[in-house]
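Throughout, a chain's letter reflects where its sequence line sits, starting with A, and its residues are numbered from 1.
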Amino acid sequence: QKEVEQNSGPLSVPEGAIASLNCTYSDRGSQSFFWYRQYSGKSPELIMSIYSNGDKEDGRFTAQLNKASQYVSLLIRDSQPSDSATYLCAAKARGAQKLVFGQGTRLTINP
Amino acid sequence: SQTIHQWPATLVQPVGSPLSLECTVEGTSNPNLYWYRQAAGRGLQLLFYSVGIGQISSEVPQNLSASRPQDRQFILSSKKLLLSDSGFYLCAWSVDGYTEAFFGQGTRLTVV
């Protein structure tokens, strides 16, 4: 079982709609969770960090964490073509020091 | 502010040749440092991480090694490259084992 799992997609969403990206993790000791965006040929860039159960909003992005169900999600409101990228979910376990990534979900926003 | 430098951006090397990729971080002390590899169309595979000078943890047995000779310098090496070593190599840093990591620009390595 992979430590962090994502649906690889591709996920296609019309412009202006809400894109919903999901991620599950297997290590219950995971404390920190992150969403990164990666454009083709570029390095990942951090979008959101979330550490506590519930929702965290930053502009058009909302991260949701449910530790009991071991899932993390990212919502992108008012999706734009520039949001088309691969979105990577990552988790850090307590005391583990290392950051483990899922396989990424490729998102395409259709104008 | 903190910055991370990684070079070179692209590299084409013959099979059997050595490799040295360097990563340096500015603006912080005693960072956690990471080397990841990303094969085409795949996720990020953690290769090595380091929590301090001379401290290297290896995640995947392979043809590569890492060293941290200085606090903010992380080096990825190989004595003899294999075709399977081709990929996008990313260096990253974080303040500690709890918070987010930030990536360098990456090195695209093609072994021919």
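A/Phe101 and A/Tyr71 are not part of a single hydrophobic cluster, where members link through side-chain heavy atoms under 4.5 Å apart. A/Tyr51 and A/Ile47 fall into different hydrophobic clusters, defined by Ile, Leu, Val, Met, Phe, Trp and Tyr side-chain heavy atoms under 4.5 Å apart, directly or through other members. Hydrophobic clustering, with ILVMFWY side chains joined whenever heavy atoms are under 4.5 angstrom apart, groups A/Leu11 together with A/Val72. B/Leu21 and B/Ile4 fall within a single hydrophobic cluster, where Ile, Leu, Val, Met, Phe, Trp and Tyr side chains are chained together by heavy-atom contacts under 4.5 Å. With hydrophobic clusters built from ILVMFWY side chains whose heavy atoms lie under 4.5 angstrom apart, B/Leu109 shares a cluster with B/Trp35.
When each of B/Ala40, B/Gly43, B/Ala92 is scored by its heavy-atom pairs under 4.5 Å with chain A, the top score falls to B/Gly43.
For A/Lys98, the parts lying near chain B are the backbone and the side chain together; criterion is any non-hydrogen pair under 4.5 Å. Of the two parts of A/Leu88, only the side chain, counted from C-beta on, holds a non-hydrogen atom closer than 4.5 Å to a non-hydrogen atom of chain B. Neither the backbone nor the side chain of B/Gln6 comes within contact range of chain A, judged by heavy atoms closer than 4.5 Å. With a 4.5 angstrom heavy-atom cutoff, B/Leu90 touches chain A only via side-chain atoms. The parts of B/Tyr98 that come within reach of chain A are both its backbone and its side chain, each placing non-hydrogen atoms under 4.5 angstrom from that chain. Only the side chain of B/Ser94 comes within less than 4.5 Å of a heavy atom of chain A; its backbone N, CA, C and O stay farther away. The contact between A/Tyr36 and chain B is made entirely by side chain atoms (from C-beta outward), counting heavy-atom distances below 4.5 Å. Residue A/Glu45: no heavy atom, backbone or side chain, is found under 4.5 Å from chain B.
Annotation for A/Arg106: atom CZ does not count as buried by contact number, only 12 or fewer foreign heavy atoms lying within 6.0 Å. In this structure, B/Gln105 places its CD atom where only 12 or fewer heavy-atom neighbours from other residues, nucleotides or ligands lie under 6.0 Å away.
Annotation: the span from A/Gln103 atom CD to B/Gln38 atom CD amounts to 9.0 Å, rounded to 0.5 Å.
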Checklist entry - Do A/Leu99 and B/Tyr36 pass the side-chain contact (heavy atoms from CB on, under 4.5 Å) test, and can you show the C-alpha distance, the side-chain angles, and the key distance before you say yes or no? => result CA-CA 10 Å; A/Leu99 182 61; B/Tyr36 288 89; 3.2 Å; yes
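Between B/Phe103 and A/Leu46, the closest side-chain pair of non-hydrogen atoms is not below 4.5 Å. The closest side-chain heavy-atom distance from A/Gln38 to B/Phe88 is below 4.5 Å.
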